[in-house]
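In what follows, chains are A, B, ... by sequence order, proteins preceding strands, each numbered from 1.
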2 protein chains.
Amino acid sequence: MGKVGRGPSMHDVAAVAGVSHQTVSRVLNGYVGIRPETRARVVAAIEELGYRRNMAARQLATGRSDVIGVVMPETHHFGPMSTLYAIEAAAKRAGLKPLITTATPEEGTVGDALDFLLGRSVDALVVMAQQPEMLDAVKSVLDRLPVLFVLTGDAHGPRSVAVDQRRGVRLVVEHLVSLGHRRIQHIAGPGDYLEARLRRAALREVLAEHGLEELPILSGDWSADSGYRAGLEVDPSATAVFAANDPMALGAMHALEEGGRSVPGDVSLVGFDDVPESAHARPGLTTVHQDFTEVGLRAVQVLMDRLNGVPESHIEPIEPWLIARESSGPVPLVADA
Amino acid sequence: MGKVGRGPSMHDVAAVAGVSHQTVSRVLNGYVGIRPETRARVVAAIEELGYRRNMAARQLATGRSDVIGVVMPETHHFGPMSTLYAIEAAAKRAGLKPLITTATPEEGTVGDALDFLLGRSVDALVVMAQQPEMLDAVKSVLDRLPVLFVLTGDAHGPRSVAVDQRRGVRLVVEHLVSLGHRRIQHIAGPGDYLEARLRRAALREVLAEHGLEELPILSGDWSADSGYRAGLEVDPSATAVFAANDPMALGAMHALEEGGRSVPGDVSLVGFDDVPESAHARPGLTTVHQDFTEVGLRAVQVLMDRLNGVPESHIEPIEPWLIARESSGPVPLVADA
DNA sequence: CCCGCCAATGTTAACGTCACCATTACGGTT
DNA sequence: AACCGTAATGGTGACGTTAACATTGGCGGG
């Protein structure tokens, strides 16, 4: 590996400005008691040398960094990405910098991610853990710094910011039931995802509440392709399909229409997530909107509270809402064999 | 802000294991000349204390970090996200860790991003600069560490990894021309994006080559919504529309069909990017596939070369390819008013 | 039996910053 | 004139790690 030359240090700046390094430090940290002329000399020297403060040294000296670590899943799905984006924006406004790294449920990768982040003295942690294995590995640092779970699909007491999945599923079922549907089939996400499990379990519950039969559960891997494949298997007696996310729903829509079943004429279709393209599918996809921006905002806010010593308290789940478009309609008159 | 307690240090581990801190360091860095028994004691002590190496101190001492800084645009579009994902994966395999931060073309944000990254002693930099303003701000560090531009849309000599945009546009036009189209309208991306400009300019060129008339250029902001709006304005005489990315194409498809023009019966439609959903649109969207994985891979590889002192050399642009689906077809027989 | 050498470990001094305390210089009090 | 206070700046040690050199303790050869 090539050796990388170091940039100029405070001492270099101090030498050029003809002051002590400490004065440079004071200028950088916005101390008040500095003669304007001295400050100007220092600023000029900084400019001249292209000096940038060495954060490693600063962290070493102060023990804190104003950086929050973010553990992301190794995907580029809409949900995690939108949340990341929201966290980044909210953190920036709060004067914090996110330090992002990825991990998978595979043995060891979460540990690596934590090594990376804690080794860089992050002040707090946001963990997007969509798989339960990832939660376990984080336990060891819970008492070392504030940790917040996000997108686990479920509220985990005072440590988790989440959209109310149960509520979202209920909205879907009630919407479909109000349209007369009684045979609703589910295209679930991968079984190792907490969110997928949760939506699946919630669906089961709500169907039972309404006294509806459960059809065999199809499943995919969140991708449109997998939704397409699942869509080919949709039960002939099903009058509605609920896919666990929008891309799978769009894939299923493709498969259904290709198979000669019109949406929503023969089968109603509902997704989950409200990706921007869903509004422009034909027919427009009925779906559940999850406010990821709010998730990110809330997460940063809670973390700031923790950092400021506000005691842990209950975190309200975030309410999703239904967006009814054209892909869901009344149950076909002919049906019910 | 709450004070964050420090974790255990090498000295603590050394005390527990009954050795010197240096021996702990040697164990951590995989030195060979350590008695197995001693090593075991150290490992046990590390385990017991939950010790994690302080990277700030390590960086301070070594001057290097095996971290590459990544400057991302503040968006979650498919292209940048896919590339980021690919870079992350490739870097991990190469033993490097990406340190990601975002910037916008706004005054100062690129500087902030560089402060953040350089302050953490990154060994190299990947800049996803989609807007020219972002390029300028980076110039000041070009001689301090290896810098690689990505997604600038164009090859910038030995410092840029990019998909050959000109080639992609040519593929689209030749595809359409071979189907008999002569009136091709463009839905461009935002004018401040290099990629948008480049595709637009390339289109102009290739149209001229074929002696084709230029229709008024519509434009959007990359989003499906903006594509929809642009789609409402498509020239009645146009027999083909080329959108600068897939989401805009999908939006336009919506608008066209809503306006009673069938795709591809009345108007052919071609996108750019090949997002996964495009395969499942109805009709399936003809588009240009950009291999972002290859971009990420190549980027990391070039950076490794630079770090190892391999001299700068020409970087081949990456070849895109056309994916012909159902949204493009022969020019309608009736037409040509 | 002593010397030297190697293998295994310990000691000390950086790295660049901030926190803390010390030192000036200067004007105003007594 | 001696004193004090304050505003501005300087000097010294952490912080936790690595690098370079120093120190042990055995063991084999002359």
Side-chain angles (χ1 to χ4, degrees), chain A residues 1 3-42 45-46 49-67 115-116 118-123, chain B residues 1 3-42 45-46 49-67 115-116 118-123:
Chain A
M1 298 257 178
K3 176 76 162 298
V4 176
R6 297 174 186 246
S9 79
M10 267 193 187
H11 288 93
D12 302 322
V13 174
V16 170
V19 297
S20 79
H21 67 116
Q22 185 54 258
T23 300
V24 177
S25 172
R26 281 194 265 258
V27 168
L28 283 168
N29 292 310
Y31 265 64
V32 282
I34 304 239
R35 244 187 316 162
E37 184 222 322
T38 311
R39 178 186 303 275
R41 276 216 316 284
V42 171
I46 289 175
L49 296 176
Y51 166 79
R52 288 172 202 272
R53 175 158 37 182
N54 182 326
M55 285 300 169
R58 179 192 169 83
Q59 279 176 38
L60 190 56
T62 61
R64 61 168 299 153
S65 56
D66 286 338
V67 169
D115 282 346
F116 180 70
L118 294 192
R120 281 169 180 74
S121 17
V122 297
D123 293 343
Chain B
M1 299 261 177
K3 176 76 160 301
V4 176
R6 296 173 187 247
S9 79
M10 268 193 186
H11 288 94
D12 303 321
V13 174
V16 170
V19 298
S20 79
H21 67 118
Q22 184 56 259
T23 300
V24 177
S25 172
R26 281 194 265 258
V27 169
L28 283 167
N29 292 311
Y31 264 65
V32 282
I34 304 238
R35 245 187 315 163
E37 182 222 322
T38 311
R39 179 186 302 275
R41 276 217 316 283
V42 171
I46 288 175
L49 295 175
Y51 166 80
R52 287 171 202 273
R53 176 161 35 186
N54 182 325
M55 285 300 171
R58 179 190 168 85
Q59 279 176 38
L60 190 57
T62 60
R64 60 169 300 155
S65 55
D66 287 339
V67 168
D115 281 346
F116 180 71
L118 295 192
R120 282 168 180 73
S121 20
V122 297
D123 293 343

Rounding to 0.5 Å, atoms CG (B/Asn54) and CD (A/Gln59) come to a distance of 7.5 Å
Distance col, row B/Arg26:CZ vs B/Leu28:CG, nearest 0.5 angstrom, shows 12.0 Å
Integer-rounded Å distance: [N] [atom2] and [X] [atom1]:
{"X": "B/Glu37", "N": "C/dA8", "atom1": "CD", "atom2": "C1'", "value": "12 Å"}
{"X": "B/Arg120", "N": "C/dG16", "atom1": "CZ", "atom2": "C1'", "value": "14 Å"}
{"X": "A/Gln59", "N": "C/dG16", "atom1": "CD", "atom2": "C1'", "value": "12 Å"}
{"X": "A/Arg58", "N": "C/dT17", "atom1": "CZ", "atom2": "C1'", "value": "9 Å"}
{"X": "A/Leu28", "N": "C/dT17", "atom1": "CG", "atom2": "P", "value": "8 Å"}
{"X": "A/Met55", "N": "C/dG16", "atom1": "CE", "atom2": "C1'", "value": "12 Å"}
{"X": "B/Tyr31", "N": "C/dG10", "atom1": "OH", "atom2": "P", "value": "15 Å"}

Can you tell which of [options] lies closest to the side chain of [X]?
{"X": "B/Arg35", "options": "C/dC18, C/dT11, C/dA8", "value": "C/dA8"}
{"X": "B/Leu60", "options": "C/dG10, C/dT9, C/dC15", "value": "C/dC15"}
{"X": "A/Met10", "options": "C/dG10, C/dC18, C/dC15", "value": "C/dC18"}

Between B/Ala56 and B/Gln22, whichever has its closest DNA chain D nucleotide further toward 5' is B/Ala56
If only side-chain N and O atoms of [X] are considered, is one of them under 4.0 Å from the OP1 or OP2 phosphate oxygen of [N]?
{"X": "A/Ser25", "N": "C/dT17", "result": "no"}
{"X": "A/Tyr51", "N": "C/dT17", "result": "yes"}
{"X": "B/Thr38", "N": "C/dA8", "result": "no"}

The residue, B/Val19 or B/Ala57, whose nearest nucleotide of DNA chain C is more 5′ is B/Val19
**Request:** Would you mind classifying the nucleic acid contact of A/Arg26 as base, sugar-phosphate or nothing, using non-hydrogen atoms under 4.0 angstrom?
**Result:** base
Evaluate the side-chain proximity of [Y] to [X]: yes if any heavy-atom separation is below 4.5 Å, no if none is.
{"X": "A/Asn29", "Y": "A/Arg58", "answer": "yes"}
{"X": "A/Arg120", "Y": "A/Val67", "answer": "no"}
{"X": "B/Tyr51", "Y": "B/Met10", "answer": "yes"}

Minimal heavy-atom distance between A/Ser20 and A/Ala14, with the atoms involved, is C-CB, 3.5 Å
Closest heavy-atom pair, B/Asp66 versus B/Asp123, reported as atoms and distance to 0.1 Å, is N-OD2, 2.8 Å
So the contacted stretch of DNA chain D, first to last nucleotide with an atom under 4.0 Å from a non-hydrogen atom of chain B, runs from D/dC15 to D/dA20
